[in-house]
Each structure stands twice: as C-alpha cells, then as structure tokens.
Asks: 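First the structure, then my questions, so here it is.
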2 protein chains.
Amino acid sequence: MVNKAKDISTEQKILEAARQVFFDKGMDGARMQDIADKAGINKALLHYYFRSKEKLFETIFAESFNNFFPKLSLILESDTDFSVKIEMICTAYIDQIHSMPYLPIFILHEVARQPESFLKKIWSSYPPPVKLFIKVVETAVKKKEIKPVHPLQVIMNIVSLCIFPFAAKPLLQQVTGISKKQFSVLMEERKKLVPQMIIQSIKK
Amino acid sequence: MVNKAKDISTEQKILEAARQVFFDKGMDGARMQDIADKAGINKALLHYYFRSKEKLFETIFAESFNNFFPKLSLILESDTDFSVKIEMICTAYIDQIHSMPYLPIFILHEVARQPESFLKKIWSSYPPPVKLFIKVVETAVKKKEIKPVHPLQVIMNIVSLCIFPFAAKPLLQQVTGISKKQFSVLMEERKKLVPQMIIQSIKK
DNA sequence: AGCTTTATTAACCATTTAGTTAAACAATAT
DNA sequence: ATATTGTTTAACTAAATGGTTAATAAAGCT
C-alpha cells in the first residue's frame, strides 16, 4: 500500500504516511519502517527529514492537536443569538470530527503521555477560545437569556455529545451490532439532536 | 515503586502490576520488565504464570472490558419509573468510571486493535444489556411516557455525558486550567445534571 | 529424613527496531 | 564538463525487549 504520486514532495509523502501509521497505531505501536514503506521511500530518509521518531511524532501530534479544535472564535464573536451560536458550534464540532474520526482516540491516548510543557507549547499557537466561550455563557446568564449554569459544564456537555460517539465508535458497533452506514445516519441526526439538547438544558 | 505485601499471591501481584502498567502505557508501550519490577519479582515469573505478554494483556483487557459496563440489568428490570431508571443508570456509570478513571482511554484505544472475534468472546461472558435497554425505551415510548426517540441515541447520550469527561480529563485540565479538585467537584455535580438533561431531552 | 513437585532466579538468546554511515545518484551552479 | 550541493539508498550498528533455560530454593508428600 504505497502512496505514490511523484509530484508531491518527499516531505509531504512522509507526513501523510506518518499520519496514517501514528493515527492507527499510536506513538508506541508505530514503526518507522512501516512509515517508510507506506511513503514508498528508504527509512533513512525519515531521519534525514525529521531526525528522529520522536520529532516526527511531535510534528504529527501538534498538527492533530490543533485540528482537534474547530475554529470557534468567529462563531463566538459573531452577532447572533446564543442558541444559534450553540448550534453552529455543535455542527462545526461534529463535522470536524466526522471528517477525521480517528483523531479523538489518538489525541486522548497521547495527551496523557506528553509532558505538560510540550502541550502548552503546541497548544499556545492556536489556543481554543475557552475564556471567550465562558464569557459568552456568563453574558447570556446575566442577560437572563439562559439559566445560571456553570460554563465548564456546558463545554463538557457539548464536547462529550459531539466527540465521544466517534471515539467510542468501534465499541458502540461491537456492543450494539449496528453497521457503519447506520452509524453515519445516527451521526447525521445528531447535528440537530445535540444542539437541541444543549439549548433545552440551559434555556429558562 | 514495588508492590510488597508478601501475603498476596504472586499471581495477584503480577496482575496488579500489569494493570498499573497496561493502563498507563497501553499494550504497545508496556514493558514486561516494568511489570516485573512493579510486582517485585523476576521477569521469568511473568512467563511462568501467563506465558506471554499477549496472554497477560488479554487477561487484563478482558477483566477491564467487563468492568467498563456497570451491571445495569437489575436497574432495567426493576419496577420503577423510567426517569428513575435513567437517574440510577447515570449515577452507576459516573460512579463506576470515577473509581477507575483511567479505563475509558485504555479501553477505547485498545478496542480498535483487538480482532472482533476476541472482543466477541470476552464480551459474551457479561454482555451489556443493550437489547433490554432498547426494549425499556421502546416500551416507554409506546406508553407515551416519553417522546418517540431512537433508543441508540439515548444510549449514546448517556455514555457520552457520563464517560467522556473522564476520558478527556487530561485534555480538559490542560485547556481549561482547572485543578484536580475542581474537576472532581464538577463530576459530582454531573450525577444530578446528566440525568436531568437526559430526561428533559425525552420527556413529553 | 528423603523424594517429588512447584516456585523463583540469573544469565542468556533471538529478534526487532531506531538510528547511522558511506557510497551512489541527481540537480544546480560555474 | 565539472565541481558542488542536496537527495536517496543498502548495509550496518547498538540497544531494547520478549522470551527461554538451567540451576537453585521452597513446599508437599511418604
């Protein structure tokens, strides 16, 4: 299963192969030889371009970590109803993860293994706008648009309902016996269901 | 960091050490030497008792997989209101995972790597009562106690809201900057919040 | 006690794997 | 064309790691 396409650069071929292998196996399970094979190049080139497995992993991890959070600032800063914002955020999240469903398990598994300093570093380039979200919730509370709720609980509810089904997909399929297709249908339904649920839980 | 206590059997010492190491590092990251050290025994004993790393892992994984699902049948079969059942299920889930918060990441990460046949085998000894849950929901729908909802969506909502915050704990702490203690407080609150949310989302 | 079986250990082995090296090849400049 | 620089490869190395072995110690048995 070699990624061909001679036009794209070697570096890009390596990155794409590394993504596939790291997402599938994690840092510890990944093999440099597998990455090289998948990229269709000699293993030494991995070190020529990225020096070490650790460095290559960090590149993929940092990129994934940033992809894991949709860009919500624009939504949060927009001049729309609170409930519209919630709906837009949920849709953005579900779409984002639906397009890279392997990310949640990968990120969750690897985050625990990374030193906090490293997380802080990569995270600070595109920090998810948590503070802004908290402010938006608190403003809505003050304006009596919603119940007095803990903003962090709202965040937890949103990310839980949007992300977890993807992380648990293999488990859910195993336990419920549903097919890939049925799963996709359920996920599509959730784009409406989840925001409804969130809004209903906080509206006055 | 050696597990002493000469009274417990060697096999138990191994299992406890294996749990710690496998939960922390996963199958690929775990080292037999680390397990032996943590158990305070010679590495050869691991093979004497469990033959191979794979077999030892399977033992821990099977046990964890079963622990991952609280025993819900009694609750589902009990002669109580639907909403009471929901509340009991949520509390059972949150308590269960709160007592072993490392389980979700471990299970989610490893489930994807196991062959389906193996999952089926270990899962069949204590199958989570999915069918029963579905029946309970469908009955409540027929009796017009709740809205006509897809039972699987309800399951997804419950497990998402109960489990995900634990799986994402390191990430949430990183991103929100809250302390271990604050996190525990939030989790305690969720035992009330989550069932409220579930019930509100399906009641007529 | 003395014999047998079970538990435990230190030393060893074979394989895997990240990383290196030196040489070949390709592109670019002079 | 030829020197120079950057790219790619096959072969190699060193360390880590799962697993084995043969010898020793402990426990059970008669």
Side-chain angles (χ1 to χ4, degrees), chain A residues 1-64 106 109-110 113-115 118, chain B residues 1-62 106 109-110 113-115 118:
Chain A
M1 232 192 272
V2 174
N3 290 333
K4 42 202 160 179
K6 186 68 198 170
D7 42 352
I8 61 170
S9 75
T10 303
E11 194 172 331
Q12 285 305 313
K13 280 194 283 185
I14 292 175
L15 284 172
E16 182 48 31
R19 268 179 219 115
Q20 292 181 28
V21 175
F22 279 132
F23 290 160
D24 188 35
K25 312 273 177 135
M27 165 69 181
D28 290 328
R31 295 291 161 255
M32 294 295 266
Q33 189 61 60
D34 290 353
I35 297 175
D37 291 349
K38 199 152 268 186
I41 55 156
N42 188 281
K43 183 166 71 81
L45 272 187
L46 300 180
H47 294 95
Y48 180 77
Y49 280 91
F50 293 93
R51 215 171 85 197
S52 69
K53 183 183 181 185
E54 193 65 36
K55 283 264 186 297
L56 177 55
F57 174 80
E58 283 180 12
T59 305
I60 301 299
F61 180 79
E63 155 194 302
S64 308
F106 173 73
H109 177 75
E110 300 294 348
R113 303 179 352 94
Q114 307 306 321
F118 172 64
Chain B
M1 236 194 270
V2 173
N3 289 332
K4 43 201 160 177
K6 186 67 197 168
D7 42 354
I8 61 169
S9 75
T10 303
E11 195 172 331
Q12 286 305 314
K13 280 193 284 185
I14 292 175
L15 285 171
E16 182 48 32
R19 268 179 220 114
Q20 292 180 28
V21 175
F22 279 131
F23 290 159
D24 189 34
K25 312 272 178 137
M27 166 68 181
D28 290 329
R31 294 292 160 252
M32 293 296 264
Q33 190 61 61
D34 289 352
I35 297 175
D37 291 349
K38 199 154 268 188
I41 55 157
N42 188 282
K43 182 165 71 85
L45 272 187
L46 300 180
H47 295 95
Y48 181 77
Y49 280 92
F50 292 92
R51 219 173 83 196
S52 68
K53 183 183 181 185
E54 192 65 37
K55 284 262 186 297
L56 178 55
F57 174 80
E58 283 180 12
T59 305
I60 300 299
F61 180 78
F106 173 73
H109 177 74
E110 300 294 347
R113 304 180 349 96
Q114 306 306 320
F118 172 65

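Convention: sequence-line order gives letters A, B, ...; per-chain numbering from 1.
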Asks: Within this structure, what is the CG-to-P distance between B/L56 and D/dT17, rounded to whole angstrom?
Replies: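 After rounding, the gap between these two atoms is 16 Å.
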
Asks: Considering all heavy atoms of both residues, which atom of A/K38 and which atom of A/V21 are nearest to each other, and what is their separation?
Replies: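 Shortest heavy-atom contact: CD-CG2, 4.2 Å.
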
Asks: For D/dT7, does OP1 or OP2 lie under 4.0 Å from any side-chain N or O of A/T10?
Replies: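 No.
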
Asks: Check for me whether the distance between the ring centres of B/F106 and B/F22 falls short of 6.0 Å.
Replies: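 No, too far apart.
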
Asks: Rounded to whole angstroms, how far apart are CG on A/L46 and C1' on C/dA18?
Replies: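 These atoms are roughly 10 Å apart.
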
Asks: Just jot down the side-chain contact (heavy atoms from CB on, under 4.5 Å) partners of A/F118, sequence neighbours excluded, or say none.
Replies: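 A/F118: side-chain contact (heavy atoms from CB on, under 4.5 Å) contacts with A/E58, A/F61, A/Q114, A/P115, A/K121, A/I122.
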
Asks: Taking NZ from A/K55 and C1' from C/dG19, how many angstroms apart are they, rounded to a whole number?
Replies: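 My rounded result for the distance is 14 Å.
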
Asks: Could you report the tightest heavy-atom contact between B/I14 and B/L45, atom names first, then the distance?
Replies: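 Nearest heavy atoms, B/I14 then B/L45: CD1-O, 4.0 Å.
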
Asks: Respond yes when some side-chain nitrogen or oxygen of B/Y49 is under 4.0 Å from OP1 or OP2 of C/dT8, and no when none is.
Replies: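 Looking at the OP1 and OP2 atoms of C/dT8, one of them is under 4.0 Å from a side-chain N or O of B/Y49.
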
Asks: Given atom CD1 of A/I41 and atom C1' of D/dT9, what is their separation to the nearest angstrom?
Replies: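 Value for this atom pair: 11 Å.
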
Asks: Is any side-chain heavy atom of B/H47 less than 4.5 Å from a side-chain heavy atom of B/M32?
Replies: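 SC-SC contact between B/H47 and B/M32 confirmed.
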
Asks: State, with a plain yes or no, whether a side-chain heavy atom of B/H109 is found less than 4.5 Å away from one of B/M27.
Replies: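 Contact flag for B/H109/B/M27 side chains = no.
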
Asks: What is the distance, to the nearest angstrom, from the CD1 atom on A/I35 to the P atom on C/dG19?
Replies: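 Checked: the CD1 to P distance equals 11 Å.
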
Asks: What one-letter contact string describes nucleotides 18-25 of chain D from 5' to 3', where B marks a base within less than 4.0 Å of any protein heavy atom, S marks contact via sugar-phosphate atoms alone, and - marks no contact?
Replies: BBBB----

Asks: Nearest whole Å is fine: how far is C/dT9 C1' from B/Y48 OH?
Replies: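 About 13 Å, once rounded to whole Å.
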
Asks: Starting from P on C/dT16, measure out to CG on A/D34 and report it in whole angstrom.
Replies: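 Checked: the CG to P distance equals 13 Å.
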
Asks: Return the value, rounded to whole Å, for the distance between atom CZ of A/F50 and atom C1' of C/dA18.
Replies: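 Result: 16 Å.
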
